[in-house]
Amino acid sequence: MADTPARFAPGATIGILGGGQLGRMTALAAAPLGYRCHIFCPDAESPATQVCDRATIAAYDDGDALRRFADSVDLVTYEFENVPADTASVLQDRVLLRPRPDILAICQDRLREKATLNDLGIATAPYAEARTAEELARALERLGRPAVLKSVRMGYDGKGQVAIARDTDPAAAWAEMAGSIPGAVGIVEGWVPFEREISVVVARGAEGAMVTYDPGENLHTNHILHRTTAPARIPETTAETARITARRVAEGLDLVGVMGVEMFVTSEGTVLVNELAPRPHNSGHWTIDGCPVSQFEQHVRSVAGLPLGSAERHSNAVMTNLLGEEVHGWRTVLAEPRARLHLYGKQTVKPGRKMGHVTRLFPRTAW
Ligand code: AMP
């Protein structure tokens with residue numbers, strides 16, 4: 001179904017594909033605006049189903065369940081970008097899907113993502129495609145070392161990624177990346193000697209209006225986001241470049257919704273885009289407590305065709321993910337007067353699992 005500037009007044013039902021914490025926080029943001037949320041996900045014990053009006057528990061390839069879901073909601077959005085293409089296509093035949101599914105297809109494929117960005121005139125790490133160990137070796141001759149080999153599809157939190165140092169054997173790197181993935185296609189990226197990793201959350205409304213949040217600075221541990229500090233400790237000119245870059249991506253993709261744009265900043269202040277996530281982003285959780293309108297409310301406003309709200313940061317914020325057993329520290333967090341605790345209601349604690357987050361607020365400064 002083509003995207004038109006359709007508007008859905010409060011009272012409408014928003015369908016959300018995916019039942020994780022992003023769906024939960026989106027549903028929580030939709031409620032005060034008077035929307036109902038209907039979650040579609042395979043797991044009855046998911047964070048989002050605990051806070052929604054309705055849930056359909058079914059597999060993403062269950063055509064009948066998808067069709068019933070589509071017919072019971074006014075529009076559909078999603079909280080993860082690896083929505084299978086067939087799922088999107090079944091839904092799209094019956095209901096408006098925002099952001100558009102072709103944006104999903106771009107963000108599911110690191111090669112298409114980089115090519116699309118470069119076509120928009122946006123800088124990324126230099127890259128090449130590799131389908132065999134020999135192609136990898138040739139790509140490394142061109143791109144130099146160090147480099148990173150990534151699986152083109154289904155990679156997240158560092159999965160399917162191999163760092164290539166001066167002495168890494170391409171055949172071994174290929175086997176490590178591709179060994180467990182049948183028909184794996186790789187992307188080789190030149191190593192970016194970044195000084196900081198930042199991200200910008202951009203929201204774009206159905207009629208093209210945009211807002212961007214201040215760039216957050218991201219610290220990863222074991223490839224999983226550990227902490228986002230907002231604002232990032234970068235000069236204002238670099239922050240403005242980052243915001244403009246995110247807006248160019250959103251406009252170039254004709255996005256309706258919220259997108260997280262992950263970037264590298266080099267010591268010279270060059271901004272390179274690493275990855276796109278066409279949904280609310282973990283590095284934007286600080287906006288719930290640090291801004292008048294959070295990324296989740298902005299997402300609801302965008303997909304529902306409402307005017308966007310202010311993304312201005314009223315406080316400095318440090319958002320820390322509570323991973324695995326760290327969730328048991330909730331009592332200590334609650335004892336801190338300026339800490340805001342967000343738990344996701346997950347029943348099973350696993351190492352590295354995102355169980356919740358805490359945002360600590362500080363007076364607004366440029367740090
Ligand atoms: P990604 O899954 O692409 O977000 O990569 C995970 C992490 O690996 C990033 O957050 C960076 O810390 C690091 N990384 C990925 N690609 C590169 C690159 N081309 N150069 C340097 N570091 C990278």
Side-chain angles (χ1 to χ4, degrees), residues 1-109 153-154 203-207 253-259 276-280 295-306:
M1 203 175 271
D3 202 350
T4 53
R7 297 187 191 89
F8 302 87
T13 299
I14 301 174
I16 302 178
L17 272 180
Q21 60 268 19
L22 301 177
R24 176 184 178 95
M25 290 185 272
T26 303
L28 288 171
L33 297 179
Y35 292 96
R36 292 163 186 261
C37 288
H38 182 163
I39 306 289
F40 187 107
C41 70
D43 181 2
E45 290 297 329
S46 71
T49 56
Q50 297 165 21
V51 301
C52 66
D53 180 60
R54 257 183 90 181
T56 296
I57 309 301
Y60 291 121
D61 61 1
D62 183 338
D64 287 340
L66 285 169
R67 280 183 282 273
R68 280 196 302 274
F69 169 69
D71 293 345
S72 74
V73 299
D74 294 294
L75 75 154
V76 172
T77 187
Y78 40 83
E79 58 113 51
F80 68 117
E81 61 272 31
N82 285 318
V83 173
D86 289 348
T87 306
S89 148
V90 170
L91 292 172
Q92 205 193 3
D93 285 345
R94 301 175 93 91
V95 67
L96 180 66
L97 198 50
R98 283 180 168 164
R100 284 201 331 268
D102 53 314
I103 297 179
L104 276 176
I106 291 168
C107 298
Q108 285 173 0
D109 180 324
R153 300 183 73 85
M154 295 303 273
R204 186 166 181 273
E207 281 156 50
L253 294 177
D254 195 17
L255 175 80
V256 177
V258 157
M259 172 174 263
L276 307 175
R279 51 166 171 78
Q295 62 164 349
F296 298 101
E297 180 174 334
Q298 227 60 276
H299 188 71
V300 171
R301 289 181 183 224
S302 305
V303 299
L306 302 184

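Without hydrogens or angle criteria, R98 side chain to V256 main chain gives no donor-acceptor distance under 3.5 Å. Although no hydrogens or angles enter the test, the distance criterion places no donor-acceptor pair under 3.5 Å between the side chain of D53 and the main chain of C37. A donor-acceptor pair is defined here as one N or O able to donate and one able to accept, closer than 3.5 Å; such a pair exists between the side chain of T49 and the backbone of A44. A donor-acceptor pair under 3.5 Å is absent between the side-chain atoms of Y78 and the main chain of G23, judged by distance alone. Remark: side-chain polar atoms of Q295 are not paired, donor with acceptor, to backbone N or O of A203 under 3.5 angstrom.
Between E45 and D43 the shortest heavy-atom distance is N-OD1, 2.9 Å. Of all heavy-atom pairs spanning C41 and G18, the tightest one is CB-C, 4.0 Å. Looking at every heavy atom in both residues, R94 comes nearest to A70 through CB-CB, 3.9 Å. The two atoms that bring E81 and L276 nearest to each other are OE2-O, 4.4 Å, heavy atoms only.
Rounding to the nearest 0.5 angstrom, the gap separating the CZ atom in R7 from the CD atom in E207 is 4.5 Å. Atom CD of Q298 is separated from atom CZ of R204 by 14.0 Å, given to the nearest 0.5 angstrom. Rounded to the nearest 0.5 Å, atoms CG (D102) and CG (L253) are 8.5 Å apart. Atoms CG and CG, from L97 and L104 in turn, are 7.0 Å apart once rounded to the nearest 0.5 Å. Rounding to the nearest 0.5 Å gives a distance of 13.5 Å between CZ of R279 and CD1 of I103. Between atom CG of residue L66 and atom CG of residue D86 there is a gap of 10.0 Å, rounded to the nearest 0.5 Å.
Contact of the F8 side chain with the L306 side chain is not registered, since no non-hydrogen atoms from C-beta on lie closer than 4.5 Å. H38 is listed as a side-chain neighbour of T56, based on a closest heavy-atom distance under 4.5 Å. Between P99 and T77, the closest side-chain pair of non-hydrogen atoms falls below 4.5 Å. When side chains are defined from C-beta on, R54 does not count as touching R36, because their heavy atoms never get closer than 4.5 Å. In this structure, T26 and I14 have side chains that are not in contact, with every pair of non-hydrogen atoms separated by 4.5 Å or more. Counting only heavy atoms from C-beta outward, the side chains of V76 and F69 approach each other to under 4.5 Å.
Residues satisfying the ring pair (Phe, Tyr, Trp, His ring centres under 6.0 Å) test with F80, not counting sequence neighbours, are Y60. With sequence neighbours left out, Y35 forms a ring pair (Phe, Tyr, Trp, His ring centres under 6.0 Å) with no residue at all.
A salt bridge links D64 and R67; the closest N-O separation between the charged side-chain nitrogens and carboxylate oxygens is under 4.0 Å.
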